[in-house]
Amino acid sequence: MAELKDIMTIRTRFAPSPTGYLHIGGIRTALFCWLYAKKHGGDFLLRIEDTDRERSTQESVNAILDGMAWTGLDYDGDAVLQSDRFDRYREVADQLLSSGQAYQCYCSKDELDEMRAAQVARGENPRYDGRCRNRVDAEDGIKPVLRFKTPTEGSVTVNDLIHGDVTFENAQLDDLVIIRSDGWPTYHFSVVIDDHDMDITHVFRGDDHLNNTPRQIHMIEALGFARPVYAHMPMILGADGARLSKRHGAVNVMGYKDEGYLPDALINYLVRLGWSHGDDEIFTREQMIDYFDIVDVNPAASKFNGEKLDWVNQQYIIAGTGTEHGAELAAQLELLGVDINNGPVPAEVYEAFKERAVTLKAMAVSMLWLYQDFDAFDEKAAKKNLRPVIKEPLIALHQTLAGLTEWTAANIHNAIQAVADQFALKFGKLGQPVRVIVTGAGVSPPIDATVELVGKERTLERFDVALEYIAAREAAAG
RNA sequence: GCUCCCUUCGUCUAGCGGUUAGGACACGGCCCUCUCAAGGCUGAAACACGAGUUCGAUUCUCGUAGGGAGCACCA
């Protein structure tokens, strides 16, 4: 007999709530979910959980959509909005109410708080005690909530792909609210209905939901729905071991775009958090899908390490080309207020800078002198390299460069070498002063490529400025 | 407080009863070198603790400790 999973199409979903930006932990859950679906030739769906009408915003919905697009986690079909499904939730709620599996509760917030305080004082798990279960009279003027009748005895076992079988005693559970007094369903209720209606076979989510799963399973059973397979992903923690949150800094996925990270690098970093394939570190998307196996997912939480992300990002920048990332680099330059028409084409500059930048943003910052004139030389670099002793060689080089008809790195290199030889200097003794002259400071790509990129006109102008600087220094020294 | 989950270098991890416990980031040293990088070589760095099972435990079981999460008319 064929296993159910063999004849069924695997369908997973990512179900974030639009109450802020798209969280880095969320995108990692989405990634594993996406990977699992792709690996098994299934579907990956997106559902926006916006039943909390108070906190959900359109802006946040857009942030989710933008984040999915930027990271390249493509989903099948259109995103499902829970707010479009209000009537369906009511329908199922009515069904539960009429079958006696749910009941109306008129307890006030104060009453509930009091009850829980008393339970905690007694060393018990704070939980709703079911006092409205058998209530028949409605209370005027109070809009009731609907509670689900959770079994009070026995236990449920969650079969989890990552954590194995986890058993919960029903006595620990309580009658949860499934419809709020405003008529909207709560998370636990809408998830159960949506996952069923969307034919979701595998539920991937953070393992902060593991404790909630038995409650949902009871509703699934009451409704006669098929139980999905669960995979509770370990949390991502901050460096201090606490759950990753805003206070740890960059948790907004789109923030990484702004900071100059490549989406492939972020995804690659994230896939290695809690999952591995031997000693491999860098994976293409195809390799990730090919190698991915849920049994290799580590059940333990992991700490987010920005330095490792930086390294991965740099690996992707080095492996990338100007054709691929030129537009992103240009965007970073423009963010810095640079007019990219005032210098070389970013896509062509990329090659010279890619081995010395951790992010596209840092790369842009390191090449500002290609597009803007600087007001002064870096003090330390100038003091060390723009000395009177190098004045004559620089004058000679200035002339040689001015005479170059073809402004190529090779010709520039030869020019520097020739002048260095003429004055019996090592290449670097002349190269470094030139670097300071054209860039204003002591760091740049190889000097010949640097000078070529700066351009002939600008280079000669900057030589003039530097020569004046040295002359002034000479005069001051007397 | 109760319930659940988790535990290999500082960090991410490999390991799936017998290994000099491997790799990666970060850190130190050396090489390369016109700067900075990149790259190569190299060093230091871990099985939380205690019982048990076993000829033999990092690996299996149970405790302990530590960490995380849940206990809402938030998801």
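Every chain is numbered from 1, with letters handed out A, B, ... down the list of sequences. All figures in this text were calculated on a predicted structure; none of them were measured in a lab.
In this structure, Arg147(A) reaches the rC73(B) phosphate: one of its side-chain N or O atoms is under 4.0 Å from OP1 or OP2. Within the structure, every side-chain polar atom (N or O) of Thr186(A) is placed at least 4.0 Å from both OP1 and OP2 of rC73(B). OP1 or OP2 of rG39(B) lies within a sub-4.0 Å distance of a side-chain N or O belonging to Gln315(A). The phosphate of rA75(B) has OP1 or OP2 within less than 4.0 Å of a side-chain N or O from Thr51(A). Contact check, Gln119(A) against rC2(B): no side-chain N or O comes under 4.0 Å of OP1 or OP2.
The side chain to side chain contact (heavy atoms under 4.5 Å, CB included) search around Phe86(A) returns Arg90(A), Trp184(A), not counting sequence neighbours.
The side chain of Phe168(A) lies closest to rC4(B) when the candidates are rC4(B), rC73(B), rA37(B). Ranking rG23(B), rC36(B), rC4(B) by closeness to the Val443(A) side chain, first place goes to rC36(B). Comparing rU35(B), rG23(B), rU7(B) against the side chain of Arg272(A) picks out rG23(B) as the nearest.
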Footprint string (nucleotides 63-71 of chain B, 5' to 3'): B base within contact, S backbone only, - free, heavy atoms under 4.0 Å: -----SBSB

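Looking at heavy atoms from C-beta onward, His413(A) lies in side-chain contact with Gln417(A) at the 4.5 angstrom threshold. By the 4.5 Å heavy-atom criterion applied to side chains, Ile416(A) and Ile447(A) are counted as neighbours.
Not a single donor-acceptor pair under 3.5 Å links the side chain of Gln101(A) to the backbone N or O of Lys149(A).
Judged as a side chain to side chain donor-acceptor pair (under 3.5 Å), the pairs with a partner in residues 428-442 of chain A (not counting sequence neighbours) are, in order, Gln432(A)-Arg435(A), Arg435(A)-Ser444(A).
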Side chain to side chain contact (heavy atoms under 4.5 Å, CB included) evaluation trace for Asp194(A) with Tyr89(A): CA-CA 9 Å; Asp194(A) 289 336; Tyr89(A) 303 132; 2.7 Å; yes

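Shown for residues 413-428 of chain A: residues whose heavy atoms fall under 4.0 angstrom of RNA chain B, namely Phe427(A), Gly428(A). Near RNA chain B, defined here as any heavy-atom distance below 4.0 Å, the residues from residues 302-311 of chain A are Ser302(A), Lys303(A), Asn305(A), Glu307(A), Lys308(A), Trp311(A), listed numerically.
Counting atom types as modelled, Ser181(A) pairs a side-chain N or O with a base atom of rC73(B) as donor and acceptor under 3.5 Å.
Taking atom P in both rG63(B) and rA26(B), the straight-line distance is 41 Å, to the nearest Å. When the P atom is compared between rG67(B) and rA14(B), the two are found 24 Å apart, to the nearest whole Å.
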Provide a list of protein-nucleic acid N or O atom pairs under 3.5 angstrom, restricted to nucleotides 40-48 of chain B.
none

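Within a 6.0 Å sphere centred on CD of Gln287(A), other residues, nucleotides and ligands contribute more than 12 heavy atoms.
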